[in-house]
Amino acid sequence: MRRTSSIETSISKQLAKKAMPIALSVVAIGVCMTIYLSFWISSEDKKADEAVRGNVAYLTNVSSLMSHIQDAEIGQRGFLLTGDQLYLKPYTTAMESLDGMLDKLAEGAEDASVETGSIPTLRSLVAQKKSELEHSVEYRRNGDDSGAIALVKTGQGKILMDGIRSVLAQMEKDGLEQLAKRSDAASAAKTRMHFLLLLFAIMVGGMAILVVRATVTRAKAAERTRDELLSHADRRLMAVMAADLVGYSRLMENNEADTLERLKAARDVIDTIIEDNSGVIITTAGDSIVAAFPSALSAIDCALQIQKFMVTHNADRPNDDRLLFRIGMNVGDVIIDNGDIFGDTVNIAARLEGIAEPGGICVSRSVRDHIRKQRKLKFEDAGFQEVKNISRPISTFRVREAA
């Protein structure tokens, strides 16, 4: 092996000595630029996230306004038909909130960079709809039933409602398009900025390696930076089914081993039924299930099949030893995040499960409206129910199979 001479060693030391200040200067500049870019990227990420959140909030406001108008109309119809003051509670709450929601929607449209030309039209339609609702309710309060019914029969309310739906549908479409554009732009910008940051990090690492190799015999491996992946909540319209076993603690106390064996056998079939109906199990605790479905039809089909199966499963058991599930169901917007779902839709489904009869199914009005023309079922009106953590009463129905 060739040995290094003292001259070569001296030259290497001098070159290293001269190169070191230059390399250190480059590294210092690179570090400063990297720090600056980090703060800049963080700021740009925040702006992009705020823009996306603005569009999500706008779409939520559109959906919420439609929901409140429907609540007002449902309350009005219920009061006109029955004269029951209970129907006026959701009606009054919805009517009082409409103007504020319109203002909020107008502000949100600007934040979401959505065309605001539809707002004046929407205000006019909502004002006319409110007037129609108020007049019909006032007729009924004053005992003029024929006047109230005559006003409804003019069809003006339906025309106004159709107009409101059309405007809100277009606003929702515009909002979704803008959300997609902003999401794509934010994703592309983040990719470019992260690539730039990575490029500077690589340059700084390379300069650091050069300094180390010039001053010591062993080089230390440069640390590599990882890009952080930012995920955004996906909002979808889904049907949610919540099921819970009745008297689970009592059954476990009576015969734990037998109960667990029967429940496991039942769950194997139930899980397959959910999967066959395009459902996804979100959470499960042995005696309870929360599943999400792409439509109310697939959810109700699944629930009916589960209850039919449980009848067969319990056929040879006495009444006090049967496994009976209560099932509650709701449809609406849910937020999907890391494989879990959140929102009032889920909460309401869980509350409806508690209202259902053992071995029965209880659904919200939105579920009934989705499926009543598609399936031959009976819907027994269970009235408006006050449920925990939900501000407005929920219109509920018990589902029976048609004879």
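Since the model is a prediction, treat every value here as computed from it, not as a measurement.
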Between D320 and R250, does the salt bridge (Lys or Arg N to Asp or Glu O under 4.0 Å) criterion hold? Intermediate values first, please.
CA-CA 10 Å; D320 61 351; R250 174 181 57 79; 5.7 Å; no

Can you list the steps and then say if K89 with E386 is a salt bridge (Lys or Arg N to Asp or Glu O under 4.0 Å)?
CA-CA 11 Å; K89 185 175 180 181; E386 299 276 359; 3.0 Å; yes

Side chains of D144 and S146: do they bring a donor and an acceptor to under 3.5 Å?
yes

With a 4.5 Å limit on heavy-atom distance, are the side chains of V331 and V240 in contact?
no

H68 side chain vs S64 backbone, donor-acceptor pair below 3.5 Å:
yes

When you look at CD of E134, are more than 12 heavy atoms from neighbouring residues, nucleotides or ligands closer to it than 6.0 Å?
yes

F309 versus I273, closest heavy-atom pair with distance
CB-CD1, 4.3 Å

Salt bridge between K264 and D271, side-chain N to carboxylate O under 4.0 Å?
no

Determine the minimum heavy-atom distance between H313 and A265, stating which atoms define it.
CE1-CB, 4.3 Å

Can E73 and K129 be counted as an ion pair, charged N to O under 4.0 angstrom?
yes

Output yes when E401 and K376 qualify as a salt bridge under the 4.0 Å nitrogen-oxygen rule, no when they do not.
no

S124 side chain vs T121 backbone, donor-acceptor pair below 3.5 Å
no

So, the side chain of N314 versus the backbone of L323: is there a donor-acceptor pair under 3.5 Å, distance only?
yes

Do you see a donor-acceptor pair shorter than 3.5 Å between the side chains of S298 and N277?
no

Does the Q385 side chain pair with the main chain of A382, one donor and one acceptor, at a distance under 3.5 Å?
yes

Just so I know, are the side chains of H135 and K130 near enough to count as touching, which here means a heavy-atom distance under 4.5 Å?
no

Is the distance between the ring centroids of Y91 and F79 under 6.0 Å?
no

F325 versus I270: any side-chain heavy-atom pair under 4.5 Å?
yes

Closer than 4.0 angstrom, basic N to acidic O: yes or no for D381 and R398?
no

If only atom types and distance count, is the side chain of S166 paired as donor or acceptor with the main-chain N or O of D162 below 3.5 Å?
no

Electrostatic pair D103:R123 at N-O distance under 4.0 angstrom:
yes

Can you confirm whether E177 is buried at CD, in the sense that more than 12 heavy atoms of other residues, nucleotides or ligands lie under 6.0 Å from that atom?
yes

Output yes when R392 and D71 qualify as a salt bridge under the 4.0 Å nitrogen-oxygen rule, no when they do not.
yes

Is a donor on one side and an acceptor on the other found under 3.5 Å between the side chain of T259 and the backbone of N255?
yes

Any non-hydrogen side-chain atom of R326 less than 4.5 Å from a side-chain atom of I361?
no

Side chains of S288 and L245: closer than 4.5 Å at any heavy-atom pair?
no

Any side-chain to backbone donor/acceptor pair from Q307 onto G360? Under 3.5 Å, distance only.
yes

Return the minimal non-hydrogen interatomic distance between C362 and I355, and the atom names on each side.
SG-CG2, 4.1 Å

d(L133 CG, Q128 CD) to nearest 0.5 Å is 12.0 Å

State whether E357 and R400 are salt-bridged, where the test is any N-O pair (Lys NZ or Arg NE/NH1/NH2 against Asp/Glu carboxylate O) under 4.0 Å.
yes

Exercise: do D333 and T345 side chains pair donor with acceptor under 3.5 Å
no

Starting from the C-alpha separation in whole Å, work towards a yes-or-no answer on salt bridge (Lys or Arg N to Asp or Glu O under 4.0 Å) for R317 and D258.
CA-CA 12 Å; R317 291 282 177 169; D258 179 63; 3.2 Å; yes

Examine distances only and state if a side-chain atom of R140 and a backbone atom of L80 form a donor-acceptor pair shorter than 3.5 Å.
yes

Rounding to 0.5 Å, atoms CD (E107) and CG (N61) come to a distance of 9.5 Å

Should the pair R267-D287 be classified as a salt bridge under the 4.0 Å nitrogen-to-oxygen rule?
no

Can you tell if the side chain of L324 reaches within under 4.5 Å of the side chain of M310, non-hydrogen atoms only?
no

Exercise: do S136 and Q76 side chains pair donor with acceptor under 3.5 Å
yes

